[in-house]
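Contents: one structure, followed by commentary.
Being a predicted model, the structure only gives us computed values, none of them experimental. Hydrogens, waters and symmetry mates play no part in the numbers below; they use all other heavy atoms, side chains included.
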Amino acid sequence: MDIAKRVQTLTPSTTLAITAKANELKQNGFDVIGLGAGEPDFNTPDYIIDAAIKAMEAGKTKYTPTGGIQELKLAIIEKLKRDNNLSYKSDEIIVTSGAKHALYTLFQALLNEGDEVIVPVPYWVSYPEQIKLAGGTPIYVPALEENEFKISPKQLEDVITHKTKAIIINSPSNPTGMMYTKDELEALGEICIKHNILIVSDEIYEKLIYSEDRHISIAGLSSDLKEITIVINGVSKSHAMTGWRIGYAAGPSAIIKAMTNLASHSTSNPTSIAQYAALAAYQAEVDPTMEMRKVFAERLDALYDLIIKVPGITCQKPKGAFYLFPNVANAAKMNGFKNVDDWASALLDEERVAVVPGSGFGAPDFIRLSYAISKEQLEEAASRIHRFVEKHLK
């Protein structure tokens, strides 16, 4: 039986390939250090787990409204007002089965065949694939290393056509950890208003920032920008709830209604128990990210200081998320490898360090290193990378 063409066009995930190889080595007894993790290595806080148990005991195990329970919508509205200076109504919020599902549903509800979506490079691996699955065309714009992996207003203006439907802004970014400033967002926003381009603002890492910089939601900069912005967020990173699969989108009611109608024929609703867990997460007066930020900041400093000492490797120090995105092209060349993918594969084979090649993010000169593992493991991984590069110097 033939497989649908839409699936055949999907680009295989380099992340999954390297992870599968690392897992195979681990199962065969090798000491592999994996730097590919895309989730916090903290467990979900106890008060959230307790809320889920209480919800099950209270019989909250039935279908819910497609767009989420009203209590959770109101908690999200309060969170957006408190943290982002944004005011929404219930019909402007949809709760989804993770932030990834919010993005997928948005593109399915928004895009017609041939519509263009501007995607800054490096990008999170699923953006282009989701756009293509919806019949859209990703338009890639290189966010240069020397500009902290951020695109300029001129770059944006230069790629806009009559087919441009939206732009994705991910700040803090996966994979780079970089953030846009208020002035930078305002400049990009002016162009989007001028051309009536929807802004998809992925803010899933907003709580994981390690500098004095403050997270800015572009939707909060003006009423005009709010009208053309869909905010994507969730509890996965902020509350260590990746497996609970609760995200949300906030934006114009017409778009949210279309997304809700679509979701009614796919997921029916986000998991009921997970919604009550997320409700507890947003209603609690404690900040679970305080400890995570402290630990991640210490790991970032330790790993960054070691990686920039490796011959042939340069790296911008990120401000958020939990990734380093070093440029290893010179190291790969000095080591005699054809490309960074081959270099990363040999690193895993010889030193048992699994990294994610940047080719999966549209940036083949780079690798992504997650510091969502212990400081001791990070230091050992950096030592192995240094040894590998030194050993292969030509």
Side-chain angles (χ1 to χ4, degrees), residues 13 15-16 19 34 36-49 51-52 55 67-69 72-73 75-76 79-80 83-84 93-106 123-127 129-130 168-177 179 200-210 215 217 230-250 259 263 267 269-284 286-293 295-296 318 320-323 356 361 368 370-373:
S13 170
T15 307
L16 292 179
T19 300
E39 59 184 347
D41 58 325
F42 294 80
N43 196 24
T44 305
D46 288 343
Y47 69 90
I48 297 174
I49 295 173
I69 59 174
L72 180 53
K73 284 190 175 187
I76 291 169
K79 178 262 177 243
L80 290 164
D83 294 348
N84 309 111
I93 304 289
I94 177 175
V95 182
T96 56
S97 300
K100 180 184 285 190
H101 181 238
L103 287 161
Y104 179 85
T105 306
L106 170 62
Y123 47 73
W124 178 54
V125 293
S126 290
Y127 292 147
E129 307 310 319
Q130 290 188 350
I168 299 174
I169 295 177
N170 179 206
S171 177
S173 159
N174 175 7
T176 70
M179 297 168 54
V200 181
S201 184
D202 185 346
E203 304 179 15
I204 195 70
Y205 290 97
E206 69 161 329
K207 294 294 185 180
L208 298 175
I209 297 171
Y210 319 110
H215 168 73
S217 176
I230 295 285
V231 174
I232 305 292
N233 210 329
V235 293
S236 290
K237 316 299 184 186
S238 59
H239 293 79
M241 293 177 67
T242 51
W244 297 78
R245 308 314 301 136
I246 294 294
Y248 66 83
M259 292 174 66
T267 58
N269 60 267
T271 302
S272 60
I273 303 153
Q275 288 188 67
Y276 285 98
L279 175 62
Y282 280 133
Q283 287 183 334
V286 299
D287 179 8
T289 59
M290 188 176 298
E291 177 63 20
M292 279 199 289
R293 285 197 301 269
V295 172
F296 281 144
F322 37 76
Y323 311 107
V356 183
F361 307 98
R368 192 189 75 174
S370 169
Y371 46 92
I373 60 174

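In this structure, V356 and F361 have side chains that are in contact, with non-hydrogen atoms separated by less than 4.5 Å. With a 4.5 Å cut-off on side-chain heavy atoms, D202 and Y127 count as touching. Contact check for P318 versus Y323: no side-chain heavy atoms found under the 4.5 Å cut-off. Contact of the I232 side chain with the I204 side chain is not registered, since no non-hydrogen atoms from C-beta on lie closer than 4.5 Å. For the pair D41/F296, a side-chain contact is recorded, criterion being any heavy-atom separation below 4.5 Å from C-beta on. Counting heavy atoms from C-beta on, the side chains of T271 and W244 never come closer than 4.5 Å. Side-chain atoms of S126 and Y104, non-hydrogen and from C-beta on, never get closer than 4.5 Å to each other. Counting heavy atoms from C-beta on, the side chains of L103 and W124 come closer than 4.5 Å.
The distance from atom OH of Y123 to atom CD of E129, rounded to the nearest 0.5 Å, is 7.5 Å. Interatomic distance, H215 NE2 to I209 CD1, rounded to the nearest 0.5 Å: 6.5 Å. Considering OG1 of T96 and CG of N269, their distance stands at 12.0 Å, rounded to 0.5 Å.
Y282 and H239 have their aromatic ring centers within a separation under 6.0 angstrom.
Nearest heavy-atom pair across G67 and K73 is O-CE, 3.1 Å. Closest of all the heavy-atom pairs between A37 and A372 is CB-CB, 4.4 Å. Between H101 and A263, the shortest heavy-atom contact is CE1-CB, 4.4 Å. Considering every non-hydrogen atom in both S97 and T267, the closest pair reads OG-CG2, 4.0 Å. Contact detail for Y47 and A284: the closest heavy-atom pair is CE1-CB, 3.3 Å. T289 and S238 make their closest contact through CG2-O, 2.7 Å (heavy atoms, listed as atom of the first residue, atom of the second, distance).
Salt-bridge check for K207 with D287: failed, with every basic side-chain N at 4.0 Å or more from each acidic carboxylate O.
In terms of modelled atom types and a separation under 3.5 Å, the side chain of S171 and the main chain of S173 share no donor-acceptor contact. A donor-acceptor pair under 3.5 Å is absent between the side-chain atoms of E203 and the main chain of N233, judged by distance alone. Although no hydrogens or angles enter the test, the distance criterion places a donor-acceptor pair under 3.5 Å between the side chain of T44 and the main chain of A240. Remark: side-chain polar atoms of R368 are paired, donor with acceptor, to backbone N or O of G36 under 3.5 angstrom. Remark: side-chain polar atoms of K79 are not paired, donor with acceptor, to backbone N or O of N84 under 3.5 angstrom. Between the side chain of Y210 and the main chain of A321, a donor-acceptor pair closer than 3.5 Å is present. A donor-acceptor pair is defined here as one N or O able to donate and one able to accept, closer than 3.5 Å; such a pair exists between the side chain of N170 and the backbone of P172. A donor-acceptor pair under 3.5 Å is absent between the side-chain atoms of Q275 and the main chain of L72, judged by distance alone. Distance alone, capped at 3.5 Å, places no donor-acceptor pair between the K237 side chain and the Y205 backbone.
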